[in-house]
Structure formats: C-alpha cells, structure tokens
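Letters go in sequence order (proteins before strands), and every chain restarts at 1.
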Amino acid sequence: MIRWGLSMRLLARNWRSGEQRILAIALVIAVAASTAIGFFTDRLGRGLVNQSADFLGADLVLLSPRPVENAWLGKARAAGLQAIETLEFASVVVGGEELLLSSVKAVQDGFPLRGRLRIAPAPFAADVDTDTLPGPGEAWVAPRLLTNLGLQVGDSVEVGAHALKITAVITFEPGQARDPFGMSPRLLMRMADVPATGVVQPGSRLSYQYLFAGRETDVAGFRKWLEPRLGPSHELVDVKGGRQAVGSALERAQRYLGLAVLAAIILAGVAVAMAARRYSERHFDMSAILRCLGASQRDLLGLYLPQLLVIGLLASAVGSLLGWLAQFGLVYLLADLLPAAPSVTTAWPVLAGFATGLITLAGFALPPVLRLKSVPPLRVLRRDLLPLPSRAWLVYGAALCAILAVMWRYTDNWALTLSVLVGAVALVALLSLVALLLLLLSRRLHTRVGVAWRFGLNNLWRRRGSSVSQILAFGLTLMAMAVVALVRTDLMTTWQRQLPADAPNHFAINILPEQVAAFRTFMEEAGVTTAQLYPMVRGRLVEINGAAVRKAVTKEARSDNVLNRELNLTWTTALQADNHILKGRWWQPDDSGKALVSVEAKLAERLGIQVGDELRFAIGEQRFTAAVASIRSVEWESFRPNFYMVFPPHVIDRFPATYITSFYLQKADKSLLRELVARYPAVTVLELDRMIEQVGRIFRQVALAVEYVLVFTLLAGFAVLFAALQASQDDRLYEGALLRALGGSRRQLRAGHLAEFTALGALAGLVAALGTECLSWVLYTQVLHLEHSFQWLLWVITPAAGALLIGVAGYAGTRAVLERSPMLLLRNQ
Amino acid sequence: MIATRHLSKRVDTAAGPLDILTDINLEMQLGETVAIAGVSGSGKSTLLGLLAGLDLPSAGEVFLSGNRLNDLDEDGRAGVRAELVGFVFQSFQLLPGLTALENVMLPLELAGQRHAQDAAAQLLGRVGLAGRLQHYPKQLSGGEQQRVAIARAFVTEPAILFADEPTGNLDNVTGERVIDLLFRLNQDKGTTLVLVTHDEHLAGRCERLIRLEAGRVVSDVREAHPA
C-alpha cells in the first residue's frame, strides 16, 4: 500500500506545476455558486416571503363564515405562532344624512401580524406607518367613505346601533390587497366594539379571518395539522396564493435561480471532467512506471484517490467560503431592498456546497482518474499503448448520477428531473450529430479558402473525434450561457411589461354613463392619460347550454366563486392589447348586435365552456342567451381593467351600466383625486399605487438576484472554455513545435491556430444556437410559463461570440507556446 | 530463474495477423548476464515485456523464479515484479514530479518498507549523485537521470534486472560510464541481468548473447570471457 505521504507529496508537486489548478478552480466555482445561491435564495426567499406576508398581513390566513373552534387558535399558540381573529362584514354605515354600504373589519390587538397599516390625517394627505389601531369607540376609514358620506376626520359614523368616532384615514391595509376590487370602502374598528353594533346576528353574512404568523417551520407544522380538519366552507390563504403577481414572479425567480445554479454546476462539472481527463492522460506514463515497479491497481488508486479527495475537500472549503462572502456582497448591494431578514443561521448551504463539490468531483473526475489503474505496464516500452477507454456507461453514468443528484436538490421533483435528463441526453446526441455534420460541411469548404484557414480546418478534420467533443463542449457552454442570459432578459421583459413604470396605479369605477365624456375631458385637462373607459354591467351566469350552471359544471367547479357572485360584463370592439384569442374568433364589424360572447380562458377551462356553447345570463330580472364566439387569455397581473365576459357592441348596452378605467398618477399629483372625487361624488377611486410599488420592489430585487447568479454561470462557462483549450494544448504544442522545426514561420502557425479556433468557435456557436432554441422552448413552455418565440438574432450572436471568444482565447493560449523553442518542446515529449 | 516454453506473440494488424515472436524456449540462471540482441523490429523489446510479465504471450509459458506468469492476473504479476524485478529503460522513465531521492525511494515505498529514505540516499551516493538528491529529473542531465534510474532498479535488491537499451539515449562516453555502473552493481548484488540492445559492443559485455531475427532465436551463445 502506497503511503498517504507519497500521495500528498505528488499532490503538492502537481499543484505547484499547475496540473490540478483548473480542476480545482472549476470545483471552487461550482461550490461557490451552489453555496452563495443556497445562502442567498434562503435569505431572499425569506425576505420575499416576508414582504409578501406584508401584503397578506400574516403568514397564513384561515377564512371561515363562522367562528372556528377555540382549540384551533390554542393549538396555533401552543405551536409558537401568533394567532388573532378578525371579522369582516358588509354593513350600511350612516354619516349625517347619508348612507353607504361599507366593508367593516373588526380587529384585535396585534393586527396586522405582518406588515404595517398606513394612515393619514385626511383623505389623500401624506400618510405614515403606524403600529397602533383605532381605540375603543373609534374607527379608521377609507378616504372613499369620507368623501362619499361628506364627512371629515373627527366626525362620527354609525355602524349598526353604535356610533364610532373617525380618527384617521387608512391608506394601506395588509391583507386588503387580496381583493382590491368590487369592495365597498373599508371601516376599521375594534372587535370589542362589535357587540354594541348589534350587527352580528344569526344569519348575518360574516367572514371570520384568522391570522397566523411565526417561524416558517412552525407555520408549516400548524398548517399540516390544520388542513385535514378544514371543512368545505373554510379557505386557507398563504403568502404565495395571497398575491398572484408576486407569487408567480417569486416562483419564476426561484426556478430561474435553480436553473442558473444548475447550469453553473453542470458547466463546472464539464470543466472538471475535462481537467480530470487531461490530468489522467498526463499520468498514464507515471502509472505505467508504477505498475512496472510492482504497484497493484489498489496501490494506484491509493495514490490518486486521496489526491482527488483532498482537492475536493479543499476546493469545497474555498468555494463555500467564497459563496458565503459572495452572499454577503449581495446582501450589502441589496441592503435597501432586502428586508431585515434574520441573519444566516443555518450551516445547511455549506454542507450542501461540500456535497455539491464532492458529487461533482465523483461524477465528473472519478471515471477518467479510475482509468489510470488500468494503464498497461507495457506502456513503458511502447508509448502508444493506452489504457482501455473508460466504459461509456461509467463516464456518462457517473456524470448523469451527479447531475441527477444536484438537479433533484434544486427541483425537488423526480419526474421533472428525469424528464429533463432524458431530454438533455437526446439533445446532446442530436448536437453531436450536428457537430459532425458541420465539420463535414466545413471540410467541403476548405478547398476554397486561404492557406491559414485550410491548415486550421484540416486540423479540425484530422482530429475530428476530439473536434466534435470540443465543439460539443464549447457549444454546450455557449448554450448554457445563452439560455441563462436569454431567460434573464425575457423574465425581465415579462416583469417590465407586467409593471411598466407608468403602469396604471389607480382605478376609477362607478363612472356614470352621462359623466363619461366630462370625466375624460377632466382627466385630459389634468394631463392624465386614462386607459379605455369600459362599460360595466353586473350580471350572473345562470345556464350553460340550457342546463342550470351548477348542474352543468363539474363537482369541483361548483364552489367556484364566479358562480356565487355577479360578474362584470362589458362590451368593446377592439381586443385589449394584453388579451389573446386562443380559440374561436374576435368580433367582425357585422357582429355588432349579435348575441355572442368572448370568455376568459381559465374560467372557460374551469367551467368546461367551449366555443359554440350557449351561455345564459341574468341581469337584474332579465335573462338573455349568447353563444361563445371565442376563448381569450387575459393578463390579470397587468393592473388594467379586465373582464371574464366580453360582448360585441349593442348586445348588453340596453342594461344599466357604469364605466371603469385605470390610470397612472404620480405621487405628487395625488391632490387631483380630491378634486376628482369632489366633482364626481359617485365615482370611486381605488388607490393601488402602494401595492404596485411594493410589487415593483420585489421584482427589482429578484431581477438583481437573477443577474448575480448569471455571473456564476458565466464564470463556470469560462472555466470550461479554459479547460477545453488546455486539454488539447499538449497535442497542439507538439505539432506546432514540429511544424516550426520543419520550417513553418510563427506567423503561419499563428494564423493557422487563429483560423482553427475561430472555426471551432463558430461551429460551436451554431451548435449552441440550435441547442438554445430547443432548450429554451422546453423551459419556456414547460417550466417558466413564458411566451416562446424564435430568436433569429441568436443564430447570429452565438456563432459570432463563439468565434470571437474561442478564437481569441485559443490564440492567446497557443501564442505563448510559439514563443518557446521548438527544441525544448520536442525534447520534453 | 527465468524460463520460457514455446513462447509466441502474435498481434492482429490491418494486413492480417503478425507473428512478433515464434516458439521461444529459453532458460536463464541466477546471476547470469544475458544480452538479447537483434535489429529493430526483431522482437527483442516484446520478449523483454513478456519475460517481465508486462504483457502476456499468445501461446507458451513464462516462468519467473518458479512463478508461472500465465496463471497470474495483472496485479499478481505486479506483485512478482515488486518482489523480484528491477528495470532500466532507454528513456529513463523517472517520475517528473518526484525528486531523485523520491524516485529511488518509490519501489521501497511500494513494497511498504521503512527506512526507504536511508537506503535510497545510500544507493544514490554509490552511483555518484549524493549531491543531487533533491533535484528533479528535469534538472539532471541524461546520464544523471539514467544513474538515478539504475539506483531505483537496484534499491530493492531484485533477483532479476531488465534493461531496455539503457544507453540508447546517451552519448558514447556517458553510455559507457552508465554501463560500467550497471555491471558493477550487478556483480555486487549477484543479480540476473537481462539486457536488450542492438549495440554489439554492449551485447558483447554479457556472458551470454541471444540473437533474435524476425521473432525467432537464431543463436544463443555463452561468451568465454565477458566484461
């Protein structure tokens, strides 16, 4: 058994000569990426969840039409959670001579559990955060309630039999963001004052909302306990469900981060594999000598494996440290955006980093190193003798296992992991074939180009085995970089489109038909651009194809909220910009007055509505039928008015309608609202600016994180480039020296190398473009749910970037070599 | 010590099977110095590889100190080599990553011996490299490298030493010195020396000269007065 000491001496010696450096660097990148992202997503995730919790007012909300058992709250508190009860009900409130239906919320001390209320001393005045609540006998109200009732702060308002003094105007209420529309103005009061109102009677329509907050694991534990106990009338809302826009952004971002890290790790793995292969090849002679001197296969493993292990551990340690530091850098960069999240407490990302390092090493470096043990001793006499190549199943099997393990960690989903892997294998096979074809084509070309190019292309063809694998390695690297960059751009665009800087942040509803023209003029004069004014008729869907709607739909759909309330129906000639017809057709000019309707896609799917179905609506006492002409997708996250049901003009305009629109208003122009409400008292203004601001902030955070992770992927990509260039360097060196010895000038050789690498890069770029198209299509349609379009620019940029990058890097790499004496190189062979 | 029976080596080539060695029957005694001579391509290096168990024959048997190499797997043959065999090669075959001292210690370490360092340093002293212990092969001249290789070959006091064109990469003067050293050590240790060479002068210094032509033994002569 060879002693550990000899192994370490060799390691130290190899390290000094730079042999294992690229392997270690690639590993460090993989581990640093994994650790940094581990720490960071952990922290960002918690930060985002916290912010989203601010929207919800809690980490978890239980909705119930009746009070729930006290034991449930007791259980929550015993589990270490904060738990409070709130009550919402609709009530007509009275102020002076006026009546107004308002949405009353009664709260207890501690509300809200997450986020803060914001209040102002008067409608549309500057607001501030507060930790207090209305006192006993007091109420805080939405600005709308004051303007509609003609009251001011300080006046009294009656809720049922109880008079409350208005002490502040609410401008932001966590939890209310869940449903900013179709809501009567808010009145916030103490739970203790509720009995005095006499409003809560048997049969009253009430909504109890139980708010829970606490440590993530405690909340999850309580949720697990609670879920099986819930009845059909209960509803649980969590942070993700709480806000669709944020929820989906968050989910996409997390998937993206996972994807980018995965790409970084796999790329680093490829670099490790290449470096390990070179390491292995450079140790064939040594292994042969050792075998010759009587070393057993075990001795050889005992010599090489500890080296590998030590490199793995050291690189993992350095990588973890770098990852940890990188995460600090990020937190520092995002100090303004990141909420004060609990400081990092878990060692989990470090452990995961070590695991990533060792798994990557085992998966990618072990097979080539294991090959060393089967070097034939006869190689000492015949240098052309090579060990049997590692079995393909071992090389690819080990790499696949490593990728699987890492992927599973990021996706936590076996089905997804496996299907991605199968796809990846198919893709690599396809790309190999394409690489070979491209090589063949370039071979055809080579008679029509200059000497340098002929030399370069000839070289590629002569080493076609290794050329294909290099094209593939560079191609996959460029592909990973391109995909990650492409997805990043598209994610950003999607978010920006969702929330452009001038996204409407206010809605005006209840605009009376006779006021429409004047309202428009008023806004125009104030310099505010409004979206289209849509008429809104309230009606119910009562029948589908002649059957009562509850009987016509599936069991699950019966409880759909849409069936239990009035829908906003509208008519228009032009399709809204962010709507798309999925099936059927949009209105033709002669459809005006025809009983047709366009249905929103998700609703249609839930209720099983198809094009051609007959829908019957009830508006007030009247009923009428319309045929479904189209199914339409809607971007609900766009903050523009959108509708489930859209009719052609002159179908429902005989029914009483009000109008709705949205507009963007800067903070400084808020006083306009006061004027607006004074001039059109019936108009209700919904202020979504605070909420939109918050959503925007979350998007910005996520965007930064996304860019940060991109850096790791690029670094890993460069490691691959470097490793691949280095791997083929020995051959090129020898050949170059030989050619120079035979009289080739440096300039000729340099031009030849440049041509060879440029061609290699361009071919790899083409392969990458094809791979990127395939991969991004799958990612967009299956994972990220983004729109996919053919990227013609990609077919220009990646080959150009590949040619430039690899051309320059390869040229620089071999340049130094040409400076050295050919004699020296030949003698060292 | 070494014996072969009907030893043959045949390889497949693009032009069909090629016999490199045909029906070689040899016996070599303990302490004998044997030269295997022949022109390039006569099969001498192949024979050396088979005798040392670096390769397996297509037919026939090889015995090394009573061990039938055909019966052993690669690790088994490595074990025999570790115990019985030393090598000196034309291209020195030192490990570039190890110093002269470490290169010489290597076979001892493989055999799990303590005091490897002392033994190695002593032997390097005997080949005249006492001042070069910590040099890496790259820092040594060709002759010095070959002397390190000779020290490495003898450090385990092997029963058999195989030398493959040991002077092939050296100039005449240096080669002569290296060969003197080789024979001197061989005599001191009583080792069986099997030397492959195409150099007639070098072959003539051995007690016995086996000539190969096209893979067959064409003469096997014991010299009356070896070097």
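- Taking 4.5 Å as the heavy-atom cut-off, the residues of residues 46-63 of chain B that approach chain A are B/L48, B/G49, B/L54, B/D55, ordered by number.
- Residues of residues 141-172 of chain B lying under 4.5 angstrom from chain A, judged on non-hydrogen atoms, are B/R152, B/D164 in numerical order.
- The local environment of NE2 in B/H135 is crowded, with over 12 non-hydrogen atoms from other residues, nucleotides or ligands closer than 6.0 Å.
- Between the side chain of B/Q93 and the backbone N or O of A/V380, at least one donor-acceptor pair lies under 3.5 Å.
- With a 4.5 angstrom heavy-atom cutoff, B/L84 does not touch chain A via any of its atoms.
- By the neighbour-count criterion of 12 heavy atoms within 6.0 Å, atom CD of B/Q122 is sparsely surrounded, having that number or fewer from other residues, nucleotides or ligands.
- Checked against side-chain hydrogen bond (donor to acceptor under 3.5 Å, both in side chains), B/D12 has no partners two or more places apart in sequence or in another chain.
- Of the inter-residue distances, the one linking B/D75 atom CG with A/Q297 atom CD reads 4.5 Å to the nearest 0.5 angstrom.
- Separating the NE2 atom in A/H283 from the CG atom in B/L95 is a distance of 9.0 Å, to the nearest 0.5 Å.
- Pairs passing the side-chain hydrogen bond (donor to acceptor under 3.5 Å, both in side chains) check and including a residue from residues 79-88 of chain B, sequence neighbours excluded, read B/E74-B/R81.
- Across all their heavy atoms, A/A295 and B/A78 have their closest contact at O-CB, 3.5 Å.
- Interatomic distance, A/R291 CZ to B/L110 CG, rounded to the nearest 0.5 Å: 10.5 Å.
- Counting heavy-atom neighbours within 6.0 Å of A/R277 CZ, excluding the residue itself, gives a total of 12 or less.
- Using a 4.5 Å cut-off between heavy atoms, A/I289 touches chain B through its side chain atoms alone.
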